[in-house]
Amino acid sequence: MQAISLWLAAAIVILTGWAIVKKYLKSKRTQRNTQPLQKYCALLSCVTAQALPEAAEKIVLRALKEKVSPLEIREIVYQCAPYVGIGRVQETMEGVNDAFKKAHIPLPLPTATTVTDKNRREAGEQMVMKLNGDRMKQILSQVAKDEYDLRVNDLYDFCFGDFYTRSGLSLKDRELVVFGAIAALGGCEAQLRSHIGANLREGTTKAQLVDALRVMLPSWDSREP
């Protein structure tokens with residue numbers, strides 16, 4: 001947990017610089033820039049990156065009380081899959097489903113899939129370009145031919161085709177989830193910077209990103225989220 005705190009503090013540094021890190025870590029004010037859904041995008045992406053089902057259960061019960069829908073909760077956790085792995089998502093979903101059962105929410109929830117095997121690549125490519133535009137085209141054009149299938153086609157098919165196209169969360173909120181998951185993983189500063197840019201382009205402010213990191217810090221407050 002201490003290591004995760006250090007990584008998240010490092011993420012704050014990327015956004016704010018060292019001069020005001022201590023202010024954010026010592027301040028006890030409420031996250032004024034973060035709405036309930038965005039708060040739980042941050043919290044659930046953080047515990048999913050760490051595969052913490054018991055923490056997820058507690059967070060989900062709180063989220064439901066704050067009117068975050070079951071579908072939104074599930075999609076937050078699912079959106080982490082391309083970045084943290086299916087195993088961590090599956091483990092976290094055990095806690096999520098336990099919370100749903102305690103709240104008497106019927107399972108399974110409705111599907112959020114919007115693509116088929118035939119159009120997932122095209123839909124994924126369109127999503128990549130929507131988020132990153134010509135910059136991503138230039139980067140992908142430099143990928144070696146023998147790596148293209150893994151680094152580009154799987155990116156289109158799996159990450160963006162299967163997940164970013166799902167219903168239940170806006171693209172803006174999905175980018176916030178990815179930002180939180182990458183920050184919690186640590187050691188992914190280049191990817192973190194890229195998704196900071198994507199978040200800003202989708203309309204999430206710098207202050208909201210900082211607040212998302214602050215609610216994620218495990219050492220921030222001894223109280224439950």
Side-chain angles (χ1 to χ4, degrees), residues 35-132 149-150 152-182 184-185 195 198-199 202-204 212:
Q35 299 301 313
L37 176 57
Q38 285 70 50
K39 177 174 71 175
Y40 289 104
C41 283
L43 287 169
L44 285 170
S45 64
C46 184
V47 298
T48 303
Q50 301 173 77
L52 301 174
E54 293 182 1
E57 180 181 348
K58 293 179 181 178
I59 291 170
V60 168
L61 290 172
R62 291 292 187 92
L64 292 170
K65 290 180 180 179
E66 294 191 41
K67 307 303 181 183
V68 181
S69 75
L71 187 60
E72 288 170 330
I73 290 168
R74 184 195 67 187
E75 289 305 307
I76 291 169
V77 178
Y78 278 18
Q79 181 62 33
C80 298
Y83 301 90
V84 308
I86 294 293
R88 294 185 184 188
V89 167
Q90 184 175 8
E91 191 169 350
T92 304
M93 281 302 302
E94 293 177 6
V96 173
N97 287 333
D98 285 343
F100 286 162
K101 291 174 183 176
K102 287 184 178 181
H104 306 292
I105 294 170
L107 296 175
L109 297 177
T111 182
T113 301
T114 65
V115 297
T116 66
D117 287 342
K118 292 183 179 180
N119 69 359
R120 61 198 282 258
R121 177 167 300 177
E122 180 182 359
E125 184 174 0
Q126 290 174 353
M127 189 64 68
V128 169
M129 298 311 163
K130 180 178 180 180
L131 280 167
N132 299 283
D149 191 53
L150 175 63
V152 179
N153 290 338
D154 283 352
L155 178 75
Y156 291 153
D157 293 349
F158 180 63
C159 181
F160 288 92
D162 290 341
F163 288 93
Y164 272 87
T165 60
R166 293 173 64 86
S167 61
L169 278 182
S170 69
L171 183 57
K172 177 181 177 180
D173 289 329
R174 288 186 182 278
E175 263 304 321
L176 181 59
V177 171
V178 173
F179 167 79
I182 292 174
L185 283 174
H195 284 279
N199 271 275
E202 287 302 309
T204 300

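Just so you know, these numbers come straight off a predicted model, no measurement behind them.
- Between Cys80 and Val89, the shortest heavy-atom contact is C-CG2, 4.2 Å.
- When all heavy atoms of Val115 and Ala123 are compared, the closest pair comes out as CG1-CB, 3.8 Å.
- Between atom OH of residue Tyr83 and atom OG1 of residue Thr48 there is a gap of 14.0 Å, rounded to the nearest 0.5 Å.
- Rounding to the nearest 0.5 angstrom, the gap separating the CZ atom in Arg166 from the CG atom in Leu171 is 14.5 Å.
- Counting heavy atoms from C-beta outward, Arg74 and Val96 have side chains that stay 4.5 Å or more apart.
- Between Ile73 and Ile59 there is no side-chain heavy-atom pair separated by less than 4.5 Å.
- Of all heavy-atom pairs spanning Pro82 and Phe163, the tightest one is CG-CD1, 3.5 Å.
- Applying the salt bridge (Lys or Arg N to Asp or Glu O under 4.0 Å) definition to pairs two or more places apart or across chains, those involving residues 99-115 are Glu57-Lys102.
- Atom CD of residue Glu72 and atom CD of residue Gln79 lie 13.5 Å apart, to the nearest 0.5 angstrom.
- Contact detail for Arg174 and Ser167: the closest heavy-atom pair is NH2-O, 3.1 Å.
- For the pair Glu122 (side chain) and Asn119 (backbone), a donor-acceptor distance under 3.5 Å is absent.
- For the pair Glu175/Thr204, no side-chain contact is recorded, criterion being any heavy-atom separation below 4.5 Å from C-beta on.
- The CG atom of Asn132 sits 11.5 Å away from the CE atom of Met127 when rounded to the nearest 0.5 Å.
- Pairing each heavy atom of Ala42 with each of Ser45, the nearest pair is O-OG, 2.9 Å.
- Around atom CD of Gln90, no more than 12 heavy atoms belonging to other residues, nucleotides or ligands sit under 6.0 Å away.
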Worksheet item: Passes side-chain contact (heavy atoms from CB on, under 4.5 Å), Gln50 versus Val84? Steps please.
Response: CA-CA 8 Å; Gln50 301 173 77; Val84 308; over 6 Å; no
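- No side-chain heavy atom of Val60 sits less than 4.5 Å from a side-chain heavy atom of Val68.
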Item to complete: List the steps, then state whether side-chain contact (heavy atoms from CB on, under 4.5 Å) holds for Val47 with Val77.
Response: CA-CA 9 Å; Val47 298; Val77 178; over 6 Å; no
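- Taking SG of Cys46 as the start and CG of Leu52 as the end, the distance is 8.0 Å to the nearest 0.5 Å.
- Here Asp173 pairs with nothing under the salt bridge (charged side-chain N to carboxylate O under 4.0 Å, His left out) rule; sequence neighbours left out.
- Within the 3.5 Å criterion, the main-chain N or O of Ala49 finds a donor-acceptor partner in the side chain of Arg88.
- The distance from the CG atom of Leu71 to the OG1 atom of Thr111 is 9.5 Å, given to the nearest 0.5 Å.
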Practice prompt. Check the pair Leu43 / Ile76 against side-chain contact (heavy atoms from CB on, under 4.5 Å), numbers first and verdict last.
Written response: CA-CA 10 Å; Leu43 287 169; Ile76 291 169; over 6 Å; no
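- Arg120 pairs with exactly one of Asp157, Thr114, Thr113, Thr165 by the side-chain contact (heavy atoms from CB on, under 4.5 Å) rule, that one being Asp157.
- Lys172 is not listed as a side-chain neighbour of Leu176, based on a closest heavy-atom distance of 4.5 Å or more.
- Put simply, the side chain of Leu64 reaches to within 4.5 Å of the side chain of Ile105, judged on heavy atoms.
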Discussion item. Set out, in order, the CA-CA distance, both residues' side-chain angles and the distance that settles side-chain contact (heavy atoms from CB on, under 4.5 Å) for Leu107 and Leu109, then state yes or no.
Written reply: CA-CA 5 Å; Leu107 296 175; Leu109 297 177; 4.0 Å; yes
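- By the ring-ring contact (aromatic ring centres under 6.0 Å, His included) test, Phe160 is found to be paired with Tyr164, residues two or more places apart in sequence or in another chain being considered.
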